[in-house]
Structures are given as C-alpha cells and as structure tokens.
Amino acid sequence: MHESSPRICALIVTYQPDKDLLQRMIQALAPQVEQVLLVDNGSDTGFQTLRDTLSELPLTQIPLGRNLGLASAQNRGVEWARKQGFSHVLLFDQDSLVEPDMVLALMRGLAQLQARGERVAAVGPVYIDPRTMASRPFVRFPGLRVERQNCDASDNLVPVDFLIASGTLIPLKNIDPIGPFEDELFIDNVDLEWSFRALDRGFRLYGVCGARMQHYLGDHAVRVWLGRWWHVYRHSPLRQYYMARNRVILYRRD
C-alpha cells in the first residue's frame, strides 16, 4: 500500500435513516471511493431492500443489531476497513450529501500538507446546511474563545482545532497513535474529543476549502433575532441530554 495509490473506504453510520436521502448519498459517494460501508445501529427500516436497490454499487453492511452509539459504530467500521487493507477512511453521518469532486479535493489537500512535512491527523470539507444555505466556518479555540476560520482566497488549507465527523478523511495509519473514538461518549462531542486528542499527540487538523458537502445540523433550523438574524439548530431532548452530559465530561479534562 502506497500513498500514491490510496484505497478509500467511505464509512456511513446509520440509525433510522431517511432512505431516500441515504440512497442519494450513497450514489454520490460510490463513484468517488473504492468502497462504501454502512454500519447500522439497529434500525428497524428495510436495509435489505436498500441493499437490493443499490446492488450494483460497492456497498457493504455491518448490522450491529442494536444502538451501540456513533463512536462504537465508527470504531467497528474503522477496524473492518483496516482488515480489508484500506489506506484511508472517510467518515459520514447519514444526512450528508457530497459534491462530485469532494473526495478528490480532500485527497489533494492532504497530499499537499504531507508534502510540506505536516503530521496531519485528518482533513475535512466546508459544509452547508441545505435548509439555510449558510456555510459553517472552521474553528479554532485560542484560550477560552471560539475563533472562526473562514476560507482565505490565498490558501485552500485552513488549520483548525476541530472537525465534525461527517466528511472527515483520516489516514488509517493515524488510528494507532491517536487511538479509537471514545465509546462512552456514545454520540455528541465524539469528534471534538478525538480532534483534541489528536492535537495533544502532536498531529494537526485542516479544513480544505475546495472540498464541499451539504450537511443537516440538528432536527430543525429556526431563525431568531438577536441584534441580527441567526439560525438556531434544535435537537431532540435525548440529543440535548448527550450534548450537556458529554460537555460536562470533557470540561473535567485538560
């Protein structure tokens, strides 16, 4: 296996997905990667029907039978990809739609960084919520502040402190020194914790401005006026619980 001939596995974690959206997602992804892997957290929807519908695509499924959470599902998928000899894994939630050249843009950005001698844990795309058509900025955390990192026309690559899981491209050789995703967090802040752990272990994270995808944030987007119009993303009570619980867990750490 050589960096000049990467083998990329797209890993999608599902739980009660919108089958039409998922089908569009797989059809957009399949031409850009060698393999699409679905790891399902015990959905009761007809996944064999979906499999039959997309039988011509390189699609593999790992049904977990019950909801083990996002982190555990990602870890199962990563281990499968490693055993199959893939060089990179591309993580996705079930509600993201990639542009036709997104994977190529991510790989080019990663190759450029590696050529500069950077020790890169992962790269990720710009993402847009299709309900608002607003792009979300990359972020850094200097001190106790959140600093937006908007794309600069002079450089396609933006150093960041955090990448959302969906759309993140990870060289699998990085999993051992950084470690797997934290099962106990279950769902929210899994990507935040892994990003911070990667930085702590001497790696860097980058956003690639030329790579773009659509991604749904929360269950609903609501416009509110606070000096100007803002979009507030609403989540279910269960998601709010995990968001609050996991932030408390992480606030106790360095």
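All heavy atoms count here, side chains included; hydrogens, waters and symmetry mates do not. Start at 1 with the first residue, then count along the sequence.
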Using the rule side chain to side chain contact (heavy atoms under 4.5 Å, CB included), only one of Leu91, Val33, Thr168 pairs with Leu11; which is it? Leu91

Check for a donor-acceptor pair, side chain of Arg204 on one end and backbone N or O of Pro159 on the other, with a separation under 3.5 Å. no

Spacing of Ile62 atom CD1 and Leu38 atom CG [to the nearest 0.5 Å]: 9.5 Å

Note: Val103 and Gln32 closest approach over all heavy atoms is N-OE1, 3.0 Å

Interatomic distance, CG@Leu199 vs CZ@Arg140, rounded to 0.5 Å, equals 8.0 Å

Nearest-0.5 Å distance, CG of residue Leu37 to CZ of residue Arg76: 12.0 Å

Nearest heavy-atom contact between Met25 and Asp95 is SD-N, 4.4 Å

Any chance CZ of Arg66 has more than 12 other-residue heavy atoms, nucleotides or ligands included, within less than 6.0 Å? no

Would you check if the side chain of Ser43 reaches a backbone N or O of Gln16 as a donor-acceptor pair within less than 3.5 Å? yes

Measuring from Met213:CE to Ile164:CD1, what's the distance to the nearest 0.5 Å? 4.0 Å

If you group Ile, Leu, Val, Met, Phe, Trp and Tyr by side-chain heavy-atom gaps below 4.5 Å, do Leu113 and Phe162 land in one group? yes

Smallest heavy-atom separation, Pro137 atom then Asn150 atom, equals CB-OD1, 3.5 Å

Any side-chain to backbone donor/acceptor pair from Asn156 onto Gly210? Under 3.5 Å, distance only. yes

Please confirm whether the backbone N or O of Val120 pairs with a side-chain atom of Gln114, one donor and one acceptor, at under 3.5 Å? no

Atom of Glu182, atom of Glu193 and distance for their closest heavy-atom approach: OE1-CD, 3.4 Å

What is the minimum heavy-atom distance between Val158 and Phe138, and which atoms define it? CB-CD1, 4.2 Å

Check against side chain to side chain contact (heavy atoms under 4.5 Å, CB included), Val248 and Arg245: CA-CA 5 Å; Val248 171; Arg245 187 201 73 158; 5.9 Å; no

First locate atom CD1 of Ile12, then atom CG of Leu22, and finally report the distance between them rounded to the nearest 0.5 Å. 5.5 Å

I'd like to know if Val39 and Ile187 are part of one continuous hydrophobic network [Ile/Leu/Val/Met/Phe/Trp/Tyr, side-chain heavy atoms within less than 4.5 Å]. no

Asp176 and Arg82 ion-paired at < 4.0 Å: yes

Chi angles and distances behind the side chain to side chain contact (heavy atoms under 4.5 Å, CB included) call for Gln112, Tyr206: CA-CA 11 Å; Gln112 184 178 343; Tyr206 279 85; over 6 Å; no

Of all heavy-atom pairs between Ile178 and Arg197, which one has the smallest distance, and what is that distance? O-NH1, 2.8 Å

Can you name the one residue among Asp183, Asn67, Asn41 that meets side-chain hydrogen bond (donor to acceptor under 3.5 Å, both in side chains) with Ser72? Asp183

Aromatic plane relationship, Phe196 with Phe141 - under 30° parallel, 30 to 60° tilted, over 60° perpendicular: perpendicular

Ignoring hydrogens and geometry, is there a side-chain-to-backbone donor-acceptor pair from Arg212 to Ile128 under 3.5 Å? no

Does a sphere of radius 6.0 Å around CZ in Arg252 hold more than 12 heavy atoms from other residues, nucleotides or ligands, not counting ones at 6.0 Å or beyond? no

Approximate separation, where rounding is to 0.5 Å, of Leu185 CG and Arg247 CZ: 11.0 Å

